[in-house]
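One structure is given below, encoded as structure tokens.
Quick caveat: nothing in here was measured; it's all calculated off a predicted structure. The chain is numbered in sequence order, starting from 1.
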Amino acid sequence: MTPEIEKIFEGIKAVHGEDSIERVEEMLYASRKQRHPLQAGAKWIMPGISQTPWHDPYAHPEIAPIVRAFESNHAIIKRELEVAWTGNSTEFSTYEHYLTRQENWQALYLFRDGAPVPVSGASVPTAFSILNEYAVETDKICPLLESHFSTLLPGAAISPHCDLWNFSINLHLAVDIPEGCGITVAGETREWQEGNCILFDYSFEHEAWNKGARPRTCLLVDLWHPETTIPERAALVEVISEIRRLMA
């Protein structure tokens with residue numbers, strides 16, 4: 001805890017109450033022994049969030065409108081992405097996960113570094129518009145992370161890993177799914193169903209692969225976990241941003 005973070009926390013408490021960010025403060029000092037074994041690789045686990053790897057994408061009122069908007073526009077989103085991909089758009093790049101960099105894992109970013117990526121609006125306007133209307137402007141996207149089209153080339157595999165924390169949750173819209181693709185989260189394997197969304201807590205160990213003959217693409221959106229509160233989200237943005245600043 002730096003003096004800057006302590007000052008920010010005091011301001012949030014003054015508005016929302018002394019106990020409003022108790023879980024965030026506890027997270028900063030929590031022992032790794034208190035977490036689920038399959039979350040062992042995550043950096044931070046905020047207490048009080050259900051240890052549920054897979055979520056029903058329609059079960060959370062905060063997230064369901066985003067799911068419906070993406071799913072109902074899947075055909076248009078897929079068509080626009082195909083045009084962008086075949087046009088060899090310079091917006092596609094090798095995806096750099098915080099743990100690895102893979103040439104056979106390509107990304108087209110719609111939201112990054114806390115803001116929309118305007119150039120993507122020209123390449124994939126429908127997905128870009130839906131993301132902004134339903135996730136960015138409503139503050140449902142986690143500004144600490146991102147949204148991107150994630151394309152695994154044939155033969156690509158993402159090794160088992162845990163992502164950084166449990167206070168955000170990962171939404172996938174299955175855009176273009178060949179046979180031979182799958183994802184395992186906390187030991188349970190599922191297949192993407194083209195045009196549908198899946199939702200999972202990526203602080204649990206997970207992996208994915210494409211054993212098919214053509215690229216597999218999903219639209220990924222990092223959303224706030226629906227079990228977090230408004231003051232907690234404000235505190236988390238400040239504390240993680242300060243930690244990143246100090247590490248830089």
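Judged as a salt bridge (Lys or Arg N to Asp or Glu O under 4.0 Å), and not counting sequence neighbours, the contacts of Asp176 are Lys78, Arg214.
Note that CD1 of Ile5 and CG of Leu246 are 7.0 Å apart. Values are rounded to the nearest 0.5 Å. Taking OG1 of Thr217 as the reference point, atom CZ of Phe149 lies at 8.5 Å (rounded to 0.5 Å). For the atom pair Ile49 CD1 and Asp201 CG, the distance stands at 7.5 Å (nearest 0.5 Å). With values rounded to the nearest 0.5 angstrom, Leu145 atom CG is found 4.5 Å from Tyr202 atom OH. Between Trp105 atom CH2 and Ser150 atom OG the span is 5.5 Å, to the nearest 0.5 Å. If you take SG on Cys162 and NE2 on His36, they are separated by 10.5 Å, rounding to the nearest 0.5 Å.
Between Glu242 and Arg245, at least one side-chain nitrogen of the basic residue sits less than 4.0 Å from a carboxylate oxygen of the acidic one, meeting the salt-bridge criterion. Looking at Glu10 and Lys13, a side-chain N of the basic residue comes within less than 4.0 Å of a carboxylate O on the acidic one, giving a salt bridge. The existence of a salt bridge linking Glu227 and Arg23 is excluded, since no basic side-chain nitrogen approaches an acidic carboxylate oxygen closer than 4.0 Å.
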Open item on the list: As a quick check of understanding, evaluate side-chain contact (heavy atoms from CB on, under 4.5 Å) for Ile141 and Ser147, giving each step before the final call.
Closed with: CA-CA 8 Å; Ile141 197 167; Ser147 173; 4.3 Å; yes

Task: Intermediate values then yes/no, side-chain contact (heavy atoms from CB on, under 4.5 Å), Val239 and Phe9 - done: CA-CA 9 Å; Val239 71; Phe9 279 10; 4.1 Å; yes

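Hydrophobic clustering (side-chain heavy atoms under 4.5 Å, transitive across Ile, Leu, Val, Met, Phe, Trp, Tyr) keeps Leu110 apart from Leu220. Under a hydrophobic-cluster definition in which Ile, Leu, Val, Met, Phe, Trp and Tyr are linked whenever side-chain heavy atoms come within less than 4.5 Å, directly or via other members, Leu152 and Trp209 are assigned to different clusters. Val15 and Val24 fall into different hydrophobic clusters, where Ile, Leu, Val, Met, Phe, Trp and Tyr are joined by side-chain heavy atoms under 4.5 Å apart, directly or via other members. Tyr58 and Leu223 end up in the same hydrophobic cluster when Ile, Leu, Val, Met, Phe, Trp and Tyr side chains are linked at under 4.5 Å. Both Phe200 and Leu38 are assigned to one and the same hydrophobic cluster, defined by single-linkage of ILVMFWY side chains at heavy-atom distances under 4.5 Å.
Between Ile177 and Cys218, the shortest heavy-atom contact is CD1-SG, 3.9 Å. Glu232 and Ser20 get closest at one heavy-atom pair: CG-O, 3.6 Å. Taking both residues in full, the closest heavy atoms of Pro57 and Ile63 are given as O-CG2, 4.1 Å, listed atom of the first, atom of the second, then distance. Smallest separation of non-hydrogen atoms from Arg233 and Asp139: NH1-O, 4.2 Å. When every heavy atom of Ala127 is checked against every heavy atom of Leu219, the shortest pair comes out as CB-CD2, 4.1 Å. Looking at every heavy atom in both residues, Phe128 comes nearest to Val117 through CE1-O, 3.2 Å.
More than 12 heavy-atom neighbours from other residues, nucleotides or ligands sit within 6.0 angstrom of NZ on Lys140. For CD of Glu207, the number of neighbouring non-hydrogen atoms (other residues, nucleotides, ligands) closer than 6.0 Å is greater than 12.
Between Ile240 and Trp165 there is a side-chain heavy-atom pair separated by less than 4.5 Å. Within the 4.5 Å cutoff, side-chain heavy atoms of Glu80 are placed close to those of Ile76. Side-chain contact between Arg68 and Tyr134: absent, with no pair of heavy atoms (C-beta onward) separated by less than 4.5 Å. Inter-residue side-chain proximity for Met27 and Leu236 is flagged as met; some heavy-atom pair is nearer than 4.5 Å. Annotation: side chain of Glu205 is not in contact with side chain of His161 (no heavy-atom distance under 4.5 Å). Under the 4.5 Å side-chain criterion, counting only non-hydrogen atoms from C-beta, Asp222 is in contact with Asn170. Residues Ile198 and Trp192 meet the side-chain proximity criterion, which asks for heavy atoms closer than 4.5 Å. With contacts defined as side-chain heavy-atom distances shorter than 4.5 Å, the pair Arg112/His148 does not qualify.
Here ring pair (Phe, Tyr, Trp, His ring centres under 6.0 Å) pairs that include residues 214-248, with residues two or more places apart or in two chains, are His55-His225.
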Considering only distance and modelled atom types, tabulate donor-acceptor pairs under 3.5 Å from the side chains of residues 178-188, sequence neighbours left out.
| from | atom 1 | to | atom 2 | distance (Å) |
| --- | --- | --- | --- | --- |
| Thr184 | OG1 | Thr189 | OG1 | 2.5 |
| Glu188 | OE2 | Arg190 | NE | 2.9 |
| Glu188 | OE2 | Arg190 | NH2 | 3.0 |

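Of the possible donor and acceptor atoms, one in the side chain of Ser241 sits under 3.5 Å from a partner among the backbone N and O of Val237. Side-chain N or O atoms of Asn166 include one that pairs as donor or acceptor with a backbone N or O of Met46 at under 3.5 Å.
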